[in-house]
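What follows is a single structure, written as structure tokens, with notes after it.
Letters go in sequence order (proteins before strands), and every chain restarts at 1.
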Amino acid sequence: MHRPVIDWFDEHARDLPWRRPEAGPWGVMVSEFMLQQTPVNRVLPVYEQWLARWPRPADLAAEPPGEAVRAWGRLGYPRRALRLHAAACAIQERHGGEVPDDHAELLALPGVGEYTAAAVASFAFGRRHPVLDTNVRRVFARVVGGVQYPPNATTAAERRLARELLPADEPTAARWAAATMELGALVCTARTPHCARCPVTARCAWRQAGSPAHDGPPRRGQTYAGTDRQVRGKLLAVLREATAPVPQRDLDRVWDEPVQRARALDGLVADGLVEPLADGRYRLPLT
DNA sequence: CACCCGTGGTC
DNA sequence: TGACCAAGGGT
């Protein structure tokens, strides 16, 4: 199944800025942080601004973390901005300002988990690592496993399969990783897969089985309305827009339930996303 | 391992 | 219209 997928990728791969050679390892790393749970289309403009402002890890590390949170805009999960800033600081301190090419060293950086470490090593440095993101897991679940969706959490069996399917030589392995991700993103999509355009539809186990619907416990959905996350989002939006420290009363206006509002604000402070001042006002963190 | 963490588009 | 989904990580 490797040849057809890689050939398909050669013809249909999107021209994304972090795939251009000039993006470099730092560009790849920034894109991977931003793409964690955020769609490509919404990442694109923020990515361009980010790289223009902070073309090297050292440039970002030289700024207060709050500037990263502000520049993150509405990408969501703003702790990622904080972690990307912390990763830039660690790269500056531990790696002389250069993004490391070693999987273990990448994994040790803030905000870099198993997926991101493999992705950066593979896409930025051409190294050979199984890259298991939600797209690849879905492709494997269908083509190999014969089921509509992968398990809720990544299993040892999935990791073993990904390792077994990984091509032996480095350049092909990196190509394979990008190709399987792209196939999942463009063709083997979650909702309505485009099997007519799939290069491996003829040997897809799920297709051969008649595309049976997901069977088993319902996949955990995400609720949002009325949660602390929504309140945190509203509070942080006020602070992102502000150019000066914000009085408590301006934050109180975003949510009328005082207990939940206070809990959300406390959480933001605890996470380091918000800095309380001695005079009772709040701002994005300077340290 | 289950849950928490934002935001907006889609069907 | 509301549930589902999007290149996860940390605890």
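- Residue side chain A/Arg42 reaches the base of B/dT7 through a donor-acceptor N/O pair under 3.5 Å, judged by distance alone.
- Nucleotides of DNA chain B nearest to A/Thr192 and A/Gly73 differ in position, and the one nearer the 5' end is that of A/Gly73.
- Straight-line distance from the CZ atom of A/Arg232 to the P atom of B/dC3: 18 Å, rounded to whole Å.
- The side chain of A/Ala185 lies closest to C/dA7, out of C/dA7, B/dC5, C/dC5.
- One C1' atom belongs to B/dC1, the other to C/dT11, and the distance between them is 11 Å to the nearest Å.
- Atom P of nucleotide B/dC5 and atom CG of A/Leu265 are separated by 14 Å, given to the nearest angstrom.
- Using a 4.0 Å heavy-atom criterion, one finds that A/Arg138 contacts the sugar-phosphate atoms exclusively.
- Phosphate contact (OP1/OP2 of B/dT7, side-chain N/O of A/Arg80, threshold under 4.0 Å): absent.
- Between A/Arg74 and B/dG8 there is a side-chain polar atom (N or O) within less than 4.0 angstrom of OP1 or OP2.
- A/Arg191 contributes no side-chain N or O that forms a donor-acceptor pair with the base of B/dC11 under 3.5 Å.
- Distance noted for atom C1' between B/dG6 and C/dA6: 12 Å (whole Å).
- Within 4.0 Å of A/Glu114, counting heavy atoms only, lie sugar-phosphate atoms of the nucleic acid but no base atom.
- Applying the 3.5 Å distance criterion, the base of C/dG8 shares no donor-acceptor pair with the side chain of A/Thr134.
- Side-chain contact check for A/Glu275 and A/Tyr282: no donor-acceptor pair (N or O, by modelled atom type) lies under 3.5 Å.
- Whole-Å rounding puts the A/Leu273 CG to C/dG10 C1' distance at 14 Å.
- Between A/Asp228 and A/Arg263 there is a salt bridge, since a side-chain N of the basic residue sits under 4.0 Å from a carboxylate O of the acidic one.
- Using modelled atom types, one finds no donor on one side chain facing an acceptor on the other under 3.5 Å when comparing A/Tyr115 with A/Gln36.
- Atom name C1', nucleotides B/dC11 and C/dA7: the rounded distance is 23 Å, in whole Å.
- Using a 4.0 Å heavy-atom cutoff across all strands shown, A/Phe123 reaches no nucleic acid atom at all.
- A/Arg80 and A/Thr38 share a donor-acceptor pair across their side chains, judged by distance under 3.5 Å alone.
- Here A/Gly76 lies in heavy-atom contact (under 4.0 Å) with a base.
- Nucleic acid contact class of A/Arg263 (heavy atoms, under 4.0 Å, all strands): none.
- With hydrogens and angles left out, the side-chain atoms of A/Tyr77 and A/Arg229 include a donor and acceptor closer than 3.5 Å.
- Donor-acceptor pairing under 3.5 Å is recorded for the side chains of A/Gln260 and A/Trp255.
- Within the 4.0 angstrom heavy-atom criterion, no nucleotide atom of any strand lies near A/Leu82.
- Looking at heavy-atom distances under 4.0 Å, A/Leu75 makes contact with a base.
- Counting any heavy atom pair closer than 4.0 Å across all strands shown, A/Ala153 reaches no nucleic acid atom.
- Proximity of A/Arg79 to the phosphate of C/dG10: no side-chain N or O atom is located under 4.0 Å from OP1 or OP2.
- Checked against the 6.0 Å centroid criterion, the rings of A/Trp72 and A/Trp50 qualify as a close aromatic pair.
- Taking atom CG of residue A/Leu107 and atom C1' of nucleotide C/dG8, one finds them 13 Å apart after rounding to whole Å.
- The phosphate of C/dA6 has neither OP1 nor OP2 within less than 4.0 Å of any side-chain N or O from A/Gln37.
- Here C/dG9 presents its C1' atom at 13 Å from CG of A/Leu84, a figure rounded to the nearest Å.
- At a threshold of 4.0 angstrom between heavy atoms, the contacts of A/Asn41 with the nucleic acid are absent.
- Relative to the side chain of A/Val40, the nucleotides C/dA7, C/dC5, B/dC5 differ in distance, and C/dA7 lies closest.
- The shortest distance between the side-chain N/O atoms of A/Tyr224 and the OP1/OP2 oxygens of B/dG8 is not below 4.0 Å.
- When the P atom of C/dA6 is taken as reference, atom CG of A/Leu44 falls 17 Å away, rounded to whole Å.
- Distance from the side chain of A/Thr116 is smallest to C/dG9 among C/dG9, B/dC5, C/dA7.
- A salt bridge between A/Arg70 and A/Glu241 is absent, with no side-chain N of the basic residue lying under 4.0 Å from a carboxylate O of the acidic one.
- Nucleic acid contact for A/Trp18: base, since at least one base atom lies under 4.0 Å from a heavy atom of the residue.
- Following rounding to the nearest Å, A/Arg159 (CZ) and C/dG8 (P) show an atom-to-atom distance of 14 Å.
- For the pair A/Gln36 and A/Pro39, nearest-nucleotide mapping onto DNA chain C gives the more 5' position to A/Pro39.
- In this structure, the CZ atom of A/Arg137 is 12 Å from the P atom of C/dA7, given to the nearest Å.
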